2 protein chains.
Amino acid sequence: MGKQMTEMLKGTLEGIVLALLTGSPAYGYEITTLLRAQGFTEIAEGTVYALLVRIEQKGLVDVEKRPSEKGPPRKVYTLNALGEKELDEFWNTWSFLSERLEQLRTGGK
Amino acid sequence: MGKQMTEMLKGTLEGIVLALLTGSPAYGYEITTLLRAQGFTEIAEGTVYALLVRIEQKGLVDVEKRPSEKGPPRKVYTLNALGEKELDEFWNTWSFLSERLEQLRTGGK
DNA sequence: ACTAGTACATAGTATCGCTAAGTAGCTGAT
DNA sequence: ATCAGCTACTTAGCGATACTATGTACTAGT
């Protein structure tokens with residue numbers, strides 16, 4: 001992963017994962033796969049699991065353990081009300097930053 | 001500053017400052033003022049100065065000390081060739097991330 | 001003298017993503 | 001029966017970055 005991307009993901013990766021979780025619960029390995037499929041090819045597994053631990057501890061998701069046919073049991077994460085609120089705030093923060101940057105890019109000092 | 005914004009600025013603030021520097025050199029205090037005028041109202045002075053030290057050490061800017069009528073001498077930063085290259089890469093990284101997030105926001109899993 | 005505005009510097013802290021290594025369950029090939 | 005390979009999760013230690021807090025120093029106005 002480029003160093004720039006690594007730094008830029010700080011703060012946004014959590015939002016990305018929360019966004020992935022809206023509508024459909026998912027488990028860690030699945031989320032990692034999803035991220036890679038969306039172009040974040042170099043996301044480290046450990047990064048995702050650590051993030052999931054964090055958002056669980058912050059109470060943004062509900063967790064349920066379910067058996068897998070193909071390996072160890074999965075931890076399925078579901079976005080809860082607090083998580084949705086956090087995601088809303090994330091989009092607000094993102095929008096603000098995004099607009100400022102777009103303005104900068106198009107020469108609007 | 002919201003905690004989300006703080007994290008999200010990691011990686012982007014450097015790009016923002018480099019972008020501010022394109023076309024017109026500026027000094028630290030001025031850059032802080034500019035940032036605040038653009039909505040980053042809670043950017044800490046120390047953050048900007050530390051960042052400037054960093055981009056100088058990375059060789060992305062040229063520095064010139066100029067006397068000020070109103071206080072201590074200013075350190076004026078000018079974007080150089082390496083800095084422009086870094087800025088280009090920043091925009092690439094940003095574009096990628098921005099597109100992915102826009103896709104996520106509009107429901108495109 | 002004192003305050004306020006201008007201008008820069010830096011030590012210490014918290015957060016977050018990455019690296020690296022490990023544990024564990026299941027399947028298919030040798 | 002064993003071993004490789006995929007599935008699935010965990011965690012200690014590291015590096016980079018923004019923030020907090022504080023300090024220094026120059027000038028102008030009261």
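The chains referred to below are lettered A, B, ... by the order of the sequence lines, with proteins before strands, and numbering in each begins at 1. Just so we're clear, the structure is a prediction, and the values are computed from it rather than from any experiment.
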What is the minimum heavy-atom distance between [X] and [Y], and which atoms define it?
X	Y	answer
A:G15	A:L87	O-CD1, 3.8 Å
A:G83	A:L18	O-CD1, 4.3 Å
A:F40	B:L97	CE2-CD1, 3.8 Å
A:E45	A:R36	N-NH2, 3.9 Å
B:G28	B:V48	O-CG1, 4.1 Å
A:R100	B:G39	NE-CA, 4.4 Å

In this structure, how many angstroms lie between the [atom2] atom of [N] and the [atom1] atom of [X], rounded?
X	N	atom1	atom2	result
B:M5	C:dA14	CE	P	23 Å
B:K70	D:dG29	NZ	C1'	14 Å
A:F40	C:dC18	CZ	C1'	16 Å
A:R36	D:dC6	CZ	C1'	13 Å
B:L51	C:dA9	CG	P	13 Å
A:Q57	C:dA14	CD	C1'	15 Å
A:L52	D:dA8	CG	P	14 Å
A:E69	D:dC6	CD	C1'	13 Å

Let me have the donor-acceptor pairs involving side chains of residues 52-61 of chain A, under 3.5 Å, with sequence neighbours excluded, atom names and distances please.
{"unit_1": "A:K58", "atom_1": "NZ", "unit_2": "A:E14", "atom_2": "OE1", "d": "3.1"}
{"unit_1": "A:K58", "atom_1": "NZ", "unit_2": "A:E14", "atom_2": "OE2", "d": "3.2"}

Presence of A:S68 side-chain N/O under 4.0 Å of D:dA8 phosphate oxygens OP1/OP2: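 Answer is yes, contact under 4.0 Å.
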Under 3.5 Å side-chain donor-acceptor pair for A:R105 and B:S95: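 Yes - a donor-acceptor pair under 3.5 Å links their side chains.
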Counting primed atoms, P, OP1 and OP2 as sugar-phosphate and everything else as base, the B/S/- map of nucleotides 9-17 of chain D against protein heavy atoms under 4.0 Å is BBB---BBB
Axis-to-axis angle between the two ends of the helix from C:dA1-D:dT30 to C:dT30-D:dA1 (five base pairs per end, rounded to 10 degrees):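 The end-segment axes of the helix from C:dA1-D:dT30 to C:dT30-D:dA1 are tilted 10° relative to each other.
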Starting at CD of B:E7, measure out to OG1 of B:T12 and round the result to the nearest 0.5 Å. 11.0 Å
